[in-house]
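Note sheet for the following structure.
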Amino acid sequence: MYFCTYIHIHIIIKKNIMNRSVIKDLLKSTEYESKVLVKGWVRTKRGNNTVAFVALNDGSIIHNLQIVIDVPSFDAELLRRINTGACIGVKGSLVESKGQGQKVEVIADTVELYGEADPEVYPLQKKGHSFEFLREIAHLRVRTNTFGAVFRIRHAMAFAIHKYFNDMGYFYLHAPIITASDAEGAGEMFRVSTLDPDNLPLTEDKKVDYSKDFFGKATNLTVSGQLEGELAALALGGVYTFGPTFRAENSNTPRHLAEFWMIEPEVAFNDINDNMNLAEDFLKYLINYALENCLDDLEFLNSMVDKELIERLKFVVNNKFIRMSYEGAIEILLASGHKFEFPVSWGLDLQAEHERYLVEKHFKCPVILTDYPREIKAFYMKQNDDKRTVRAMDVLFPRIGEIIGGSQREENFDKLLARIRELGMPEKELWWYLDTRRYGTVTHSGFGLGFERLLLFVTGMANIRDVIPFPRTPKNAEF
RNA sequence: UCCUCAGUAGCUCAGUUGGUUAGAGCGGCGGACUGUUAAUCCGUAGGUCGAAGGUUCAAGUCCUUCCUGAGGAGCCA
């Protein structure tokens with residue numbers, strides 16, 4: 001009874017929200033001669049004194065709807081003001097198109113101009129623009145085909161991430177964004193403070209007195225939700241975080257952002273092999289979801305941005321990832337005879353050129369490397385019996401490099417504490433983390449997936465600043 | 001942060017060993033055209049050459065510093 005009422009209300013509300021026909025639906029419709037109302041933004045207008053054609057886009061799909069206007073029966077001044085970028089509403093008849101290039105079109109009865117776009121100053125032209133230029137007008141670039149496609153895909157991937165984990169019975173955990181711990185020691189952090197920078201309270205030895213700050217201690221924006229994810233995994237079983245992450249590194253590359261989104265599953269009872277299985281299944285699910293749900297956008301990107309995109313996505317979905325140890329990778333690199341700029345030897349971290357060689361030249365396939373030397377990996381990783389490696393795993397993708405970094409976690413209290421002391425970390429500040437190993441500890445594993453790096457791969461875009469609506473990078477926080 | 005390259009019209013770019021009044025395509029504007037597909041054709045306006053110094057009779061062009069952007073490296077997701 002209650003359920004029926006809800007459905008009824010929901011339908012009424014949806015009707016009110018959708019006080020127009022959506023172009024995505026109209027392009028599939030065969031209800032010819034029916035009257036429709038469409039609203040959207042003009043991409044191009046062309047024609048002559050008799051007939052004009054408006055390509056209308058409402059964001060629901062990459063394709064435009066052709067509006068046919070019988071010029072003599074419309075106000076010339078109104079038509080003059082309908083230019084690229086203008087927002088209009090059109091009432092008319094949906095008909096089979098007389099011209100080539102589209103199945104259906106709308107013969108306009110009336111056209112209402114909601115908002116003009118002065119062609120003298122509107123920055124988007126009918127011609128293509130460079131991505132660098134569009135970055136400078138990020139508030140308008142969503143109106144282009146490419147960025148419309150990218151952000152529809154971004155939405156679909158975010159949705160698919162929640163769907164995957166929800167269907168798996170995992171719980172979405174909101175890790176804090178403000179944190180007092182610098183747990184991973186992963187690079188520079190953004191300070192969060194309400195202290196007046198021009199009048200800082202000082203302690204007796206002339207240092208900033210953070211006890212006077214909002215939280216009574218120094219705080220920062222999070223660089224990872226992993227440690228909190230571990231706490232929850234050891235109660236809820238399987239959890240994942242999906243939220244913004246902040247790194248104040250002065251990184252100027254097409255693969256780094258100061259503010260990015262990260263997905264971090266953390267799963268109790270999973271060892272490193274379960275972890276690899278999860279990572280591979282997860283990535284394949286997401287890519288397959290894009291192929292099944294975003295094909296129009298992918299086809300556009302395939303034709304305009306990256307000719308091998310769809311082929312590459314299908315390849316990843318259909319092939320097993322190569323799994324091997326760090327040691328095995330070193331042996332392959334040493335035996336390759338390839339001349340690398342940086343040295344290869346056991347104990348040194350792999351450089352970008354080494355990872356690229358393995359993925360793009362040697363295996364030509366995604367690769368998962370495990371069991372890295374403990375000295376080059378984080379303190380929380382499960383220590384192997386050989387005393388010199390840890391159960392880390394990096395998933396390496398073509399074009400992207402490291403798309404996932406993760407590990408089985410050290411669940412043994414004594415070993416974890418020894419490692420924390422060995423690295424000179426502030427063990428007192430990690431009391432809560434160590435408590436999970438004091439009480440009811442168990443094998444568990446997890447990893448971090450950079451959302452924008454996933455999007456780089458799925459969209460074929462080359463620069464990470466072009467897969468997030470408003471990128472934050474050194475010297476740039478515009479919009 | 002380091003290395004390399006770039007910054008000239010609204011956009012994308014050309015501009016010779018320094019030498020008259022800085023060019024093109026696209027876009028805009030005006031016109032032509034009875035169904036166009038980033039329409040086509042004719043015409044037209046539009047520039048503090050990233051900023052500040054310097055060298056020179058003369059600088060878009062050479063030198064210095066700075067700013068911005070891109071690519072590579074490092075850090076990592």
Side-chain angles (χ1 to χ4, degrees), chain A residues 43-55 63-72 80 83-85 95 97-102 105 107 117-137 144-145 184-188 223-226 241-264 279 304 341-342 349-353 355-356 376-378 394-397 400-406 447-457 462-468 473-476 478:
Chain A
R43 285 293 170 78
T44 65
K45 184 181 71 172
R46 50 183 175 265
N48 51 46
N49 290 329
T50 309
V51 61
F53 302 92
V54 169
H63 305 300
N64 301 323
L65 177 68
Q66 176 154 282
I67 308 296
V68 184
I69 295 173
D70 178 49
V71 172
R80 194 189 61 75
N83 298 112
T84 299
V95 300
S97 178
K98 279 194 225 168
Q100 303 295 308
Q102 59 280 316
E105 61 194 16
I107 310 290
D118 183 352
E120 299 260 17
V121 289
Y122 184 62
L124 290 175
Q125 304 170 358
K126 297 174 191 180
K127 278 282 184 181
H129 293 287
S130 68
F131 292 144
E132 288 85 353
F133 171 68
L134 291 171
R135 244 169 255 152
E136 294 169 10
I137 50 166
T144 64
N145 287 331
E184 280 194 87
E188 294 295 307
V223 293
S224 166
Q226 180 200 315
T241 71
F242 183 6
T245 309
F246 307 89
R247 306 264 168 100
E249 292 290 341
N250 195 0
S251 297
N252 292 289
T253 85
R255 296 177 307 282
H256 290 85
L257 291 164
E259 177 185 291
F260 63 100
W261 290 65
M262 187 153 65
I263 301 103
E264 295 175 290
M304 300 299 285
E341 192 185 338
F342 291 90
D349 206 356
L350 296 177
Q351 304 292 313
E353 57 167 345
E355 296 180 345
R356 222 177 297 125
I376 60 174
K377 288 292 182 183
D394 283 0
V395 181
L396 309 178
F397 258 37
I400 313 297
E402 184 182 337
I403 195 168
I404 277 179
F447 59 80
L449 168 67
F451 187 47
E452 284 77 18
R453 289 202 180 161
L454 171 74
L455 288 172
L456 280 181
F457 187 76
N463 192 312
I464 202 163
R465 294 159 201 150
D466 296 330
V467 295
I468 189 168
T473 52
K475 305 284 181 217
N476 181 20
E478 194 72 63

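Not measured: the values here are computed from a predicted model. Chain letters run A, B, ... following the sequence lines, proteins first and then strands; every chain starts at 1.
The side chain of T84(A) contributes no N or O atom lying less than 4.0 Å from OP1 or OP2 of G27(B). Here R46(A) does not reach the OP1 or OP2 of C33(B): none of its side-chain N or O atoms lies under 4.0 Å away. Proximity of S130(A) to the phosphate of U12(B): a side-chain N or O atom is located under 4.0 Å from OP1 or OP2. For C33(B), neither phosphate oxygen OP1 nor OP2 lies less than 4.0 angstrom from any side-chain nitrogen or oxygen of N48(A). In this model, the phosphate group of A39(B) is approached by a side-chain N or O of K126(A) to a distance below 4.0 Å at OP1 or OP2. Taking 4.0 angstrom as the limit, Q100(A) places none of its side-chain polar atoms (N or O) nearer than this to OP1 or OP2 of G35(B). Distances shorter than 4.0 Å separate some side-chain N or O of R465(A) from OP1 or OP2 on G71(B).
Here the nucleotide nearest the side chain of P254(A), chosen from G71(B), A73(B), A77(B), is G71(B). Closest approach to the H256(A) side chain among G35(B), A77(B), U1(B) is made by A77(B) (side chain taken as heavy atoms from C-beta onward). Side-chain proximity of K475(A) to the nucleotides A70(B), G27(B), U68(B) is greatest for U68(B). The listed nucleotides are G71(B), G69(B), G35(B); the one nearest the side chain of F53(A) is G35(B). Each of A70(B), C76(B), C29(B) was ranked by its minimum atom distance to the side chain of N463(A); first place goes to A70(B).
Side-chain atoms of T44(A) and R46(A) form a donor-acceptor pair, as typed in the model, at a separation below 3.5 Å. Judged purely by distance below 3.5 Å, without hydrogens or angles, the side chains of N476(A) and R135(A) never pair a donor atom with an acceptor atom. With hydrogens and angles left out, the side-chain atoms of T84(A) and Q125(A) include no donor and acceptor closer than 3.5 Å.
Distance check on atom P: G19(B) versus U12(B) gives 26 Å, rounded to whole Å. Nucleotides U17(B) and A58(B), compared at atom C1', are 15 Å apart to the nearest Å. Comparing the P positions of U44(B) and G7(B) gives a spacing of 30 Å, expressed to the nearest Å. Rounded to whole Å, the C1' atom of A22(B) lies 14 Å from the corresponding atom of U48(B). Nucleotides A6(B) and C13(B), compared at atom C1', are 12 Å apart to the nearest Å. When the P atom is used for both C11(B) and A73(B), the distance is 30 Å, rounded to whole Å. The same atom, C1', is picked in A9(B) and in A14(B); the two are 13 Å apart, to the nearest Å. On the P atoms, G69(B) is 42 Å away from G31(B), given to the nearest whole Å.
For U36(B), the base has a donor-acceptor partner in the side chain of Q102(A) [N/O atoms by modelled type, under 3.5 angstrom]. One donor-acceptor pair, N or O on each side, does fall under 3.5 Å between the base of C76(B) and the side chain of R453(A). Not a single donor-acceptor pair, N or O on each side, falls under 3.5 Å between the base of G69(B) and the side chain of E136(A). With hydrogens and angles ignored, no donor-acceptor pair under 3.5 angstrom links the side chain of E120(A) to the base of G27(B). One cannot find a donor-acceptor pair under 3.5 Å joining the base of C11(B) and the side-chain atoms of H129(A). At a cut-off of 3.5 angstrom, counting only N and O atoms as typed in the model, there is a donor on one side and an acceptor on the other between the side-chain of S251(A) and the base of C75(B). Not a single donor-acceptor pair, N or O on each side, falls under 3.5 Å between the base of U1(B) and the side chain of E249(A).
One atom, CD1 of I137(A), and another, P of G69(B), lie 16 Å apart when rounded to the nearest Å. Atom CZ in F246(A) sits roughly 14 Å away from atom C1' in A77(B) (whole-Å rounding). The CD-P distance, from Q66(A) to A39(B), rounds to 10 Å in whole Å. Straight-line distance from the CZ atom of R255(A) to the C1' atom of A70(B): 14 Å, rounded to whole Å. With rounding to whole Å, E478(A) atom CD is found 11 Å from G69(B) atom P. A straight line from CG of L134(A) to C1' of U12(B) spans 12 Å, rounded to a whole angstrom. In this entry the distance linking CG of L124(A) with C1' of G10(B) reads 11 Å, nearest Å.
Nucleic acid contact for R135(A): sugar-phosphate only, since backbone atoms but no base atoms lie under 4.0 Å from a heavy atom of the residue. Residue I403(A) is classed as a sugar-phosphate contact, given heavy-atom separations below 4.0 Å to backbone atoms only. In this structure, P119(A) reaches the sugar-phosphate backbone alone: every heavy-atom distance under 4.0 Å involves primed, P, OP1 or OP2 atoms, never a base. Contact annotation for T245(A): no contact, since no heavy-atom pair falls under 4.0 Å across all strands. Across all strands shown, T44(A) has heavy atoms under 4.0 Å from sugar-phosphate atoms exclusively, and none from any base. Within 4.0 Å of A55(A), counting heavy atoms only, lies no atom of the nucleic acid at all. Among the atoms of the strands shown, none is found under 4.0 Å from any heavy atom of G401(A). Within the nucleic acid shown, E452(A) has no heavy atom closer than 4.0 Å to any nucleic acid atom. When heavy atoms are screened at a 4.0 angstrom cut-off, E105(A) is found touching base atoms of the nucleic acid. Nucleic acid contact class of G47(A) (heavy atoms, under 4.0 Å, all strands): base.
At a threshold of 4.5 Å between non-hydrogen side-chain atoms, the residues V68(A) and V51(A) count as touching. Residues T144(A) and L134(A) form a side-chain contact, since some pair of their non-hydrogen atoms from C-beta on lies under 4.5 Å apart. Here the side chains of F451(A) and M262(A) are not in contact, with every heavy-atom distance at 4.5 Å or above. At a threshold of 4.5 Å between non-hydrogen side-chain atoms, the residues E353(A) and E341(A) count as touching.
One N or O on the side chain of E264(A) and one on the backbone of G225(A) form a donor-acceptor pair closer than 3.5 Å. Without hydrogens or angle criteria, R453(A) side chain to R255(A) main chain gives a donor-acceptor distance under 3.5 Å. S97(A) places a side-chain N or O within 3.5 Å of a backbone atom of G99(A) that can act as its donor or acceptor partner. With hydrogens and angles disregarded, a donor-acceptor distance shorter than 3.5 Å links the side chain of E249(A) to the backbone of E188(A). Between the side chain of Q102(A) and the main chain of Q100(A), a donor-acceptor pair closer than 3.5 Å is present. The backbone N or O of E136(A) lies less than 3.5 Å from no partner atom in the side chain of E478(A), so there is not a single donor-acceptor pair.
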Are any protein N/O atoms closer than 3.5 Å to N/O atoms in nucleotides 46-52 of chain B? If there are, list each pair with its distance.
none

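We find that K377(A) and D349(A) are not joined by a salt bridge, their nearest charged nitrogen and carboxylate oxygen being 4.0 Å or further apart.
RNA chain B forms stems at B:1-7 with B:67-73, B:10-13 with B:23-26, B:28-32 with B:40-44, B:50-54 with B:62-66, each a run of 3 or more consecutive Watson-Crick or G-U wobble pairs whose two key distances fall under 3.5 Å.
Nearest-nucleotide mapping onto RNA chain B: of L257(A) and N250(A), the residue sitting toward the 5' end is N250(A). Taking for each of F133(A) and A462(A) the nucleotide of RNA chain B with the nearest heavy atom, the 5'-most of the two is the partner of F133(A).
Under the stacking definition used here (centres under 5.5 Å, planes under 30°), the residue F260(A) qualifies as stacked on the base of A77(B).
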